Amino acid sequence: MAETETGSVNVLSGKIRSGDECDPVVGKKSLVSPAFTWDDPAAALASSRHEFGEHGGINMSIEASATFTVMEPDTIRKMFAGELGADRDFFIYSRHFNPTVLNLSRQMASLEGTEAAYCTASGMSAISSVLLHLCSSGGHMVASRTLYGGTHALLTHFLPRACNITTSFVDITDIEMVKSAIVEGRTTVLYFESLANPTLTVANVPELSRIAHDKGVTVVVDNTFAPMVLSPAKLGADVVVHSVSKFISGGADIIAGAVCGRASLINAMMDLHQGPLMILGPTMNPKVAFELSERIPHLGLRMKEHCNRALVYATRMKKLGLKVNYPGLEDHPQHELLKSMANPGYGFGGMLTVDMETEERANKLMIYLQNSTQFGFMAVSLGYYETLMSCSGSSTSSEMNAEEKELAGISPGLIRMSVGYIGTSEQKWSQFEKALTRLQDSGLHKNA
């Protein structure tokens, strides 16, 4: 693969095993991918390049250096000129490329089925870096009106004020509305979440990608809610972003993000002169990258259990008469759409919502669930092994005003649940039922 200004970063490389054209311990090998047909995220992860430790350890070493030495002075000139790069194991400075972060990036690219990826210090830094790269001052985007509150604030307030970039918000399920909002020659990005936060609206990635591409628009999809479950790039999206802090991390102890896409995009975003990942410096700590690289191999197992528990609980909640929303239920408006797009065997996601209609009822239920029966924790974020619960309207979507929440379908009493997998399914369900009984006895439950 030809080098670019920053060196190629094609990350779908084969594992380094004895018999390869390099020392399997040192791992000096081109990042150019062998022929590989992407079929399943777990299979792709198992086929990605395995980096061994410096002294033969089965886990890679952590490269904690901020800067890197060379044998000849002219090597530095060549690296800054783009003649030598990370694809040949030449590194300048860890704000640019770091070997440990690059290894995690290869895993993320394998997971999403993209040519390349690069990991950042947070999900918001990944999102903002991509949008600042794809949109110039005076630019225009079209985005779903149901987004994570931080992303909504970025598009609604920060980018217009700081960068003169405006966004038209649409109902992402209304294809004609999306089509009408795209202004040919001016709109550069169509942005949406694969599973919307917090309403769990499912985006028709293939159809949205088709209409965007017909008008020369780049499709950026946030896949934070559905790693393994959906693969937006294989469905037509150009760029996939993640808050790696969530399901991918799984421990609620790390803040991280990722950008997955074409190698040319990642290279341009890392450009020494104009790349936002280089210039703005949303750099991932290599120690964090090492931690995450050890967790990704069992992401598939974790997601299957998150999804299995979510389906069991949602089904039972519905039978109890609760206003539950989960894409795995047949009455979900996009249930069949998700089935048609999902990778087989991973379920329908680990998130569900319960609409208690008023914030008072929602808060009281969560108090019982946490403090009386230990079903889960009142906390934002998601993807933890314990169930996490929050009232979206007053927490992760609080950046939206009342009208914006209403348009997005976020009621005052909407509880967002990230379903965990600790304990047995029956044990945790019993805890939920006991909390619901306490709520009914208090006289606050609507059906009491």
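Treat the numbers as computed from the prediction; the structure is a model and nothing was measured.
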Open item on the list: I need the N325 CG to L414 CG distance, nearest 0.5 Å.
Closed with: 8.0 Å
Open item on the list: Is there a side-chain contact between L292 and M284 in this structure, where contact means two heavy atoms from C-beta onward sitting under 4.5 Å apart?
Closed with: yes
Open item on the list: Between the side chains of E51 and R106, is the shortest nitrogen-to-carboxylate-oxygen separation below 4.0 Å, so that they form an ion pair?
Closed with: yes
- [ ] Measure the CZ-CG distance between F247 and L382 for me, rounded to the nearest 0.5 Å.
- [x] 5.0 Å
Open item on the list: Treating Q370 as the side-chain partner and F377 as the backbone partner, does any N or O pair qualify as donor plus acceptor under 3.5 Å?
Closed with: no
Open item on the list: To check you understand the geometry: which heavy-atom pair defines the closest contact between M341 and V205, and what is its length?
Closed with: SD-N, 3.7 Å
Task: Working for side-chain hydrogen bond (donor to acceptor under 3.5 Å, both in side chains), residues N343 and S231 - done: CA-CA 7 Å; N343 293 313; S231 301; 2.8 Å; yes
TODO: Scan side-chain atoms only and decide if H213 and S209 contain a donor-acceptor pair under the 3.5 Å cut-off.
DONE: no
TODO: Output yes when a side-chain donor or acceptor of T387 lies under 3.5 Å from a complementary backbone atom of G420, and no otherwise.
DONE: yes
- [ ] Verify whether one side chain among R262 and N267 offers a donor that lies under 3.5 Å from an acceptor in the other.
- [x] no
TODO: Check whether NZ of the Lys or CZ of the Arg K304 lies under 6.0 Å from the centre of the six-membered ring of Y346 and within 45 degrees of that ring's axis.
DONE: yes
- [ ] Examine distances only and state if a side-chain atom of N223 and a backbone atom of H242 form a donor-acceptor pair shorter than 3.5 Å.
- [x] no
Open item on the list: Check this for me: does any side-chain nitrogen of one of D331 and K318 sit under 4.0 Å from a carboxylate oxygen of the other?
Closed with: yes
Task: Minimal non-hydrogen separation, M60 against P99, with atom names - done: CE-O, 4.0 Å
Task: Heavy-atom donor-acceptor pair, K246 side chain to A252 backbone, under 3.5 Å - done: no
- [ ] Could you pull out the closest heavy-atom pair between S94 and S65, with the gap in Å?
- [x] OG-O, 2.7 Å
Open item on the list: Between R295 and D253, does any NZ, NE, NH1 or NH2 come within less than 4.0 Å of an OD or OE carboxylate oxygen?
Closed with: yes
Task: Atom pair CG (L159) and CD1 (I165), whose distance is rounded to the nearest 0.5 Å - done: 5.0 Å
- [ ] Please state whether the rings of H306 and Y421 are parallel, tilted or perpendicular, taking 30° and 60° as the class boundaries.
- [x] perpendicular
Open item on the list: Under a 3.5 Å distance rule, please check whether S425 uses its side chain to pair with a backbone N or O of V312 as donor and acceptor.
Closed with: no
Task: Distance-only polar pair, side chains of R161 and H157, donor-acceptor under 3.5 Å - done: no
Open item on the list: Within this structure, what is the CZ-CD1 distance for the pair F68 and I76, rounded to the nearest 0.5 Å?
Closed with: 12.5 Å
